[in-house]
Trainee: 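Okay, here's the structure, questions in a sec.
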Amino acid sequence: MVRKIFQTNAELKDWLSEQNSAIIFIPTMGGLHPGHQYLIQKAKERNTNTNTNQIILVSIFVNPLQFSKGEDFKKYPRNINRDAELAFIAGADAIWAPDYDEVFPGGEDSHFKIEVPKTLHNQLCGAERKGHFDGVATVIIRLIKIIQPKKLILGEKDWQQLIIIRKLFQELSIPVKIESYSTQRDQSGFAYSSRNSYLSDSERVNAQSLPNAIKKAKTEFEKKKVINLTKIASIFKENNLKIEYLKIVDPFSLKETENINRLCLLAVAVKCGSTRLIDHTFLMQRKPIIAIDGPAGAGKSTVTQAFAKKLGFIYLDTGAMYRAVTWLIIRNSIDPNDKAEIKNILQDSKLEFKTSSFLEQKIFINNIDVTEKIRSPKVTSMVSEIAKQQFVRELLTRKQKVIGNNGGLVAEGRDIGTAVFPDAELKIFLTASPTERAKRRALDLNKRGYEFSSIEDLEKEIKERDKKDSERKIAPLKKAQDAIELVTDGMNIEDVLKELIDIFRSKIPEEVWPTPNP
């Protein structure tokens with residue numbers, strides 16, 4: 001493909017109409033650096049791996065709406081030839097460098113202006129830069145309207161901007177997927193920024209204390225699980241950096257938080273001379289936990305196992321644990337209502353997972369491999385009755401929490417996000433219609449060599465199971481308040497997996513856990 005630079009909307013649209021390709025859009029204000037190139041390279045890499053016909057389009061537009069009076073609009077770096085060269089080297093297919101009238105024909109007042117939710121705007125950078133994010137959002141929405149891309153690529157360095165744009169796209173039902181990638185740094189750890197060019201040599205020496213202090217604080221946090229903002233502030237002051245803000249915030253509400261047991265953001269803005277610099281790092285007590293709940297037959301086990309493999313996480317099939325216990329009770333001819341006898345046999349039972357390869361996880365109870373045995377119709381018909389008993393749930397919940405102590409876990413079941421891991425970084429409620437689940441159940445039974453009467457009977461059983469699971473008093477099946485629901489009717493495993501990865505990337509920054517390739 002011949003690489004192009006366009007300055008008018010007409011030129012761009014004429015060219016795009018000839019390509020018959022989806023657009024991956026990376027908006028910039030120019031002053032390109034290795035951080036921008038990383039975004040382009042990642043977009044190119046994912047485009048290549050998906051084998052789809054897509055164009056990577058980079059815009060260069062210095063947006064006047066996001067500069068307040070007295071800020072650096074006039075001196076902001078502008079060198080279209082250099083920027084285009086860097087973009088093309090990184091893998092861009094085309095550059096769109098419109099002037100103001102192309103973006104806002106008739107002036108900005110003739111176009112719809114975006115007002116960012118104050119709960120997000122008034123935090124961090126927005127507290128000092130009134131109207132800044134309104135200006136950012138207005139131009140992003142305007143560019144999106146002109147280009148109509150399939151995907152938008154943004155950097156995580158401007159984390160507040162990323163969160164605001166994601167929120168707006170959701171509220172305005174804009175059908176464009178957003179992918180984000182981590183802050184890129186030079187060899188000394190200094191975050192790349194177009195404004196770094198403003199720093200004198202002596203200022204650069206002082207400014208180096210910004211990434212150094214953040215990195216040191218993160219290291220100490222990982223060892224001691226505490227963060228000392230006063231100590232960080234003193235380092236900045238010693239290096240003549242004027243603090244605008246230094247906070248620990250929730251990464252998604254951007255509000256200050258004292259709960260550092262969950263994912264947190266250590267966010268900083270300082271002035272070095274006249275140059276404003278921002279930086280951040282994420283703080284985590286452990287690796288991420290993903291909780292996937294949903295009704296019987298929703299395909300959780302197959303999808304969750306593949307999802308865990310994709311991320312390099314441990315896979316925890318809690319449903320298999322309840323089935324194994326049920327199998328043991330049936331094998332010993334114990335009345336499912338005899339709670340004392342059930343408690344007696346389970347107290348000394350040994351339950352464990354063993355993995356010969358990632359896709360062959362087996363479950364053992366008292367050293368007996370019950371991986372296939374627990375999928376029998378008899379176990380299926382009784383497991384709901386056993387699972388609702390308080391002792392059984394307490395016993396298995398304790399075991400599950402121990403497995404998840406260090407995170408790096410994808411767990412699936414009925415109450416993972418509500419009872420087992422209520423502090424999971426990502427909660428998904430995976431479901432499908434009873435009819436769809438009955439069809440899947442029939443295929444699974446056929447594959448395993450079990451007989452069944454009819455799909456209609458399977459659907460009836462599934463509805464009854466849903467009712468039992470939802471109405472039980474102890475840990476009922478329900479969607480966690482902060483869970484994302486994914487209805488999988490008509491989707492194959494690959495489709496569901498792709499959706500899960502997109503959801504994962506919207507909740508887990510790349511700095512915390514890099515995006516797996518398709």
Side-chain angles (χ1 to χ4, degrees), residues 156 159 180-183 215 217-227 248-253 257-266 280-294 300-301 303-321 351-355 358-359 361 363 396-430 475 480-484 486 497 500-517:
E156 291 177 358
W159 181 259
S180 65
Y181 295 99
S182 61
T183 304
K215 182 179 180 181
K218 183 181 179 74
T219 300
E220 290 181 353
F221 175 80
E222 290 172 348
K223 291 179 180 178
K224 302 177 182 178
K225 308 305 179 189
V226 294
I227 199 85
I248 297 173
V249 302
D250 177 275
F252 301 102
S253 70
T257 181
E258 295 181 357
N259 180 15
I260 57 175
N261 292 322
R262 303 190 69 175
L263 178 66
C264 294
L265 180 74
L266 172 59
H280 69 254
T281 193
F282 293 94
L283 306 174
M284 291 196 76
Q285 296 273 16
R286 49 157 174 72
K287 297 176 184 177
I289 288 177
I290 302 168
I292 300 182
D293 289 311
K300 297 188 304 297
S301 296
V303 169
T304 303
Q305 197 168 9
F307 188 33
K309 182 185 179 185
K310 198 78 173 173
L311 298 175
F313 281 13
I314 296 168
Y315 163 60
L316 177 59
D317 181 358
T318 62
M321 298 173 76
L351 183 65
E352 59 184 336
F353 287 101
K354 294 182 180 179
T355 306
F358 202 96
L359 290 179
Q361 189 178 61
I363 186 165
L396 295 189
T397 295
R398 284 197 301 271
K399 289 180 178 291
Q400 292 156 16
K401 287 185 174 183
V402 169
I403 294 172
N405 275 343
N406 296 319
L409 180 80
V410 183
E412 57 99 345
R414 304 284 191 281
D415 62 346
I416 305 303
T418 54
V420 184
F421 299 118
D423 288 332
E425 281 69 30
L426 174 58
K427 300 176 186 178
I428 295 169
F429 192 80
L430 193 72
Q481 188 174 4
D482 53 347
I484 297 170
L486 179 58
L497 190 58
L500 288 176
I501 288 179
D502 286 344
I503 295 170
F504 174 81
R505 287 297 295 116
S506 72
K507 292 292 185 181
I508 306 297
E510 193 192 35
E511 178 186 315
V512 172
W513 205 269
T515 304
N517 287 324

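We count residues from 1, following the sequence as given.
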Trainee: For Lys215, I'd like to know if atom NZ has over 12 heavy atoms of other residues, nucleotides or ligands within 6.0 Å.
Mentor: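 Not buried by this count: 12 neighbours or fewer within 6.0 Å.
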Trainee: Between Trp159 (side chain) and Pro251 (backbone), is there a donor-acceptor pair under 3.5 Å?
Mentor: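 Yes: the side chain of Trp159 pairs with the backbone of Pro251.
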Trainee: Locate the shortest heavy-atom distance separating Ser506 from Phe252; write the atom from each residue and the value.
Mentor: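 Smallest heavy-atom distance, with atoms named: O-CE2, 3.8 Å.
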Trainee: Minimum heavy-atom separation for Ala424 and Ala291, please, with both atom names.
Mentor: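 Looking at all heavy atoms of both residues, the shortest contact is CB-CB, 4.0 Å.
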Trainee: In Å and rounded to the nearest 0.5 Å, what is the CD1 to CZ distance from Ile416 to Phe421?
Mentor: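 If we round to the nearest 0.5 Å, Ile416:CD1 and Phe421:CZ are 6.5 Å apart.
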Trainee: Do Glu511 and Thr281 have side-chain N/O donor and acceptor atoms under 3.5 Å apart?
Mentor: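 There is such a pair (donor and acceptor under 3.5 Å, judged by atom type) between the side chains of Glu511 and Thr281.
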Trainee: Is there a donor-acceptor pair under 3.5 Å between the side chain of Asp250 and the backbone N or O of Ser253?
Mentor: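 It does hold such a pair.
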Trainee: Considering only heavy atoms from C-beta outward, does the side chain of Thr257 approach that of Ile248 to under 4.5 Å?
Mentor: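 Yes, side chains in contact.
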Trainee: Check side chain to side chain donor-acceptor pair (under 3.5 Å) between Asp293 and all other residues, then give those that pass, not counting sequence neighbours.
Mentor: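 Once residues adjacent in sequence are excluded, Asp293 has no partner under the side chain to side chain donor-acceptor pair (under 3.5 Å) criterion.
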Trainee: Kindly write out the residues that satisfy side chain to side chain donor-acceptor pair (under 3.5 Å) with Glu352, not counting sequence neighbours, or none if the list is empty.
Mentor: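 With neighbours one apart ignored, the set is empty.
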Trainee: Checking Lys300 against Phe307: charged group under 6.0 Å from the ring centre and within 45 degrees of the axis?
Mentor: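 Geometry flag: not set, cation outside 6.0 Å or 45°.
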Trainee: Under 3.5 Å, is there a donor-acceptor pair between the side chain of Thr304 and the main chain of Ser301?
Mentor: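 No.
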Trainee: Could you note down all residue pairs passing salt bridge (charged side-chain N to carboxylate O under 4.0 Å, His left out) where residues 418-429 supplies at least one of them, sequence neighbours left out?
Mentor: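 Of all non-adjacent pairs touching residues 418-429, those that pass salt bridge (charged side-chain N to carboxylate O under 4.0 Å, His left out) are Arg286-Glu425, Lys427-Asp482.
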Trainee: Applying side chain to side chain contact (heavy atoms under 4.5 Å, CB included), can you list everything that pairs with Glu222, at least two apart in sequence or on another chain?
Mentor: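 Per chain and number, Glu222 pairs via side chain to side chain contact (heavy atoms under 4.5 Å, CB included) with Lys218.
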Trainee: Can you confirm whether Leu500 sits close enough to Val303 that some side-chain heavy atom of one is under 4.5 Å from a side-chain heavy atom of the other?
Mentor: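 In short, these two side chains touch, coming nearer than 4.5 Å.
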Trainee: With no hydrogens and no angle check, is any side-chain donor or acceptor of Arg262 less than 3.5 Å from a backbone partner on Gln285?
Mentor: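 Judged by distance alone, no pair lies under 3.5 Å.
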Trainee: Rounded to the nearest 0.5 Å, how far apart are CG of Leu263 and CD1 of Ile289?
Mentor: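 Going from the CG atom of Leu263 to the CD1 atom of Ile289 covers 12.5 Å.
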Trainee: Check whether any side-chain heavy atom of Asp317 lies under 4.5 Å from a side-chain heavy atom of Glu412, and answer yes or no.
Mentor: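 A side-chain contact exists here, since the closest heavy-atom pair is under 4.5 Å.
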Trainee: Looking at Leu266 and Ala217, what are the two nearest heavy atoms and their distance?
Mentor: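 The pair with the smallest heavy-atom distance is CD2-CB, 4.2 Å.
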Trainee: With sequence neighbours left out, what residues match Asn406 under side chain to side chain contact (heavy atoms under 4.5 Å, CB included)?
Mentor: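 With neighbours one apart ignored, the set is empty.
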Trainee: Which residues satisfy the side chain to side chain donor-acceptor pair (under 3.5 Å) test with Ser182, sequence neighbours excluded?
Mentor: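 Listed in chain order: Gln184, Glu510.
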Trainee: What verdict does the side-chain contact (heavy atoms from CB on, under 4.5 Å) test give for Ile260 and Lys225, after you've listed the backbone C-alpha separation in whole Å, the side-chain angles of each residue and the deciding distance to 0.1 Å?
Mentor: CA-CA 8 Å; Ile260 57 175; Lys225 308 305 179 189; 5.8 Å; no
Trainee: Walk me through it: do Glu156 and Thr183 pass the test side-chain hydrogen bond (donor to acceptor under 3.5 Å, both in side chains)?
Mentor: CA-CA 6 Å; Glu156 291 177 358; Thr183 304; 6.0 Å; no
Trainee: With heavy-atom distances below 4.5 Å as the criterion, would you say the side chains of Cys264 and Val249 are in contact?
Mentor: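 Sidechains of Val249 and Cys264: no contact.
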Trainee: Under the ring pair (Phe, Tyr, Trp, His ring centres under 6.0 Å) rule, collect the residues that match up with Phe221, sequence neighbours excluded.
Mentor: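 Checked Phe221 against ring pair (Phe, Tyr, Trp, His ring centres under 6.0 Å); zero matches.
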Trainee: Show every donor-acceptor pair shorter than 3.5 Å between a side-chain atom in residues 397-404 and any protein atom, with sequence neighbours excluded, or say none if there are none.
Mentor:
{"unit_1": "Thr397", "atom_1": "OG1", "unit_2": "Arg393", "atom_2": "O", "d": "2.7"}
{"unit_1": "Gln400", "atom_1": "NE2", "unit_2": "Leu396", "atom_2": "O", "d": "3.4"}

Trainee: Do Gln305 side-chain atoms and Tyr315 backbone N/O form a donor-acceptor pair below 3.5 Å?
Mentor: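 Looks like no, no N/O pair under 3.5 Å.
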Trainee: Check whether any side-chain heavy atom of Ile292 sits under 4.5 Å from a side-chain heavy atom of Leu426, and report yes or no.
Mentor: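 Not in contact.
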Trainee: I'd like to check Val410 versus Ile314 (side-chain heavy atoms, cut-off strictly below 4.5 Å). Are they in contact?
Mentor: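 When only atoms from C-beta onward are counted, Ile314 and Val410 do not touch, as no gap falls below 4.5 Å.
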Trainee: Where do Phe313 and Trp513 land on the ring-ring contact (aromatic ring centres under 6.0 Å, His included) test, with the steps shown first?
Mentor: CA-CA 11 Å; Phe313 281 13; Trp513 205 269; 4.7 Å; yes
Trainee: For Pro288 versus Val512, what's the shortest heavy-atom pair and its separation?
Mentor: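 So the minimum-distance heavy-atom pair works out to CG-CG1, 4.0 Å.
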Trainee: Between Lys287 (side chain) and Leu409 (backbone), is there a donor-acceptor pair under 3.5 Å?
Mentor: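 Checked: no pair found.
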Trainee: What I'd like to find out is whether the side chain of Leu486 reaches to under 4.5 Å of the side chain of Phe429, using heavy atoms alone.
Mentor: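 No, every pair of side-chain atoms sits at 4.5 Å or beyond.
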